[in-house]
Amino acid sequence: MICSHCGKDAASLYRRAAEGKTETVALCRDCYERLYGDRDEAEFFAALLGSVGGGTEKVCPACGTALSDFRRTGLLGCAHCYEAFREDLLPVIRQTQGSVRHKGQAPDAGAQKNYSMVRELVREQERLKEELERAMRERNFSAADALKERLMEINRRLYHGEEP
């Protein structure tokens, strides 16, 4: 694991609990000493996040969270904060994660096949529900019974994993 602050040296994980959430930061020994030193946790994270931005106080128009609140706690107030503080957040995100683009894993072939099957079953379920409503309005009870039976089979496959 590489230090999230300098991006060079091997790092250790440091945990912090704030406002009911636990955050983890990967820091090398030198960055830890430089940032933390004799400070308490609040000062430590302010120093870590303090290299971002400066000048006048920015505030999120949606929730009222100030940029200084983010620097102090490391937490944003709402989804709109990401846009309001975009220029200030990008360097922190890049420094912490190495990139500002999400690079998630692609599902394997089995998961993709399962997803396609579930999508087809849900489409079939919706179509059968519409047909069932139409059959009930038309008082075609024998067709409605057959449709209900098919819907129950689809529900068993979707929610209980049963095979046909």
Verify same cluster id: [X], [Y] (apolar side-chain graph, 4.5 Å):
| X | Y | answer |
| --- | --- | --- |
| Val59 | Tyr82 | no |
| Val122 | Tyr115 | no |
| Ile93 | Leu76 | yes |
| Met152 | Leu128 | no |

Say you draw a straight line from [atom1] of [X] to [atom2] of [Y]; how long is it, rounded to the nearest 0.5 Å?
| X | Y | atom1 | atom2 | answer |
| --- | --- | --- | --- | --- |
| Gln125 | Asn155 | CD | CG | 5.0 Å |
| Leu132 | Arg137 | CG | CZ | 10.0 Å |
| Arg157 | His160 | CZ | NE2 | 13.5 Å |

Determine, for [X] against [Y], whether the closest basic-nitrogen to carboxylate-oxygen distance falls under 4.0 angstrom.
| X | Y | value |
| --- | --- | --- |
| Glu87 | Lys58 | yes |
| Arg127 | Glu124 | yes |
| Arg156 | Glu153 | no |

Minimum heavy-atom distance [X]-[Y], with the two atoms named:
| X | Y | answer |
| --- | --- | --- |
| Ala10 | Cys28 | O-CB, 3.2 Å |
| Pro61 | Ala84 | CD-CB, 3.9 Å |
| Ala143 | Ala135 | CB-CB, 4.4 Å |
| Cys81 | Thr65 | SG-CB, 4.0 Å |

Could you tell me whether the side chain of [Y] reaches within less than 4.5 Å of the side chain of [X], counting heavy atoms only?
| X | Y | value |
| --- | --- | --- |
| Arg123 | Glu120 | yes |
| Phe70 | Leu89 | yes |
| Leu147 | Arg150 | no |

Original post:
Do other residues, nucleotides or ligands put more than 12 heavy atoms under 6.0 Å from the CE atom of Met136?
Top reply: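 For Met136, atom CE is not crowded (no more than 12 foreign heavy atoms under 6.0 Å).
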Original post:
Counting only heavy atoms not in Phe141, do more than 12 fall under 6.0 Å of its CZ?
Top reply: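 For Phe141, atom CZ is crowded (more than 12 foreign heavy atoms under 6.0 Å).
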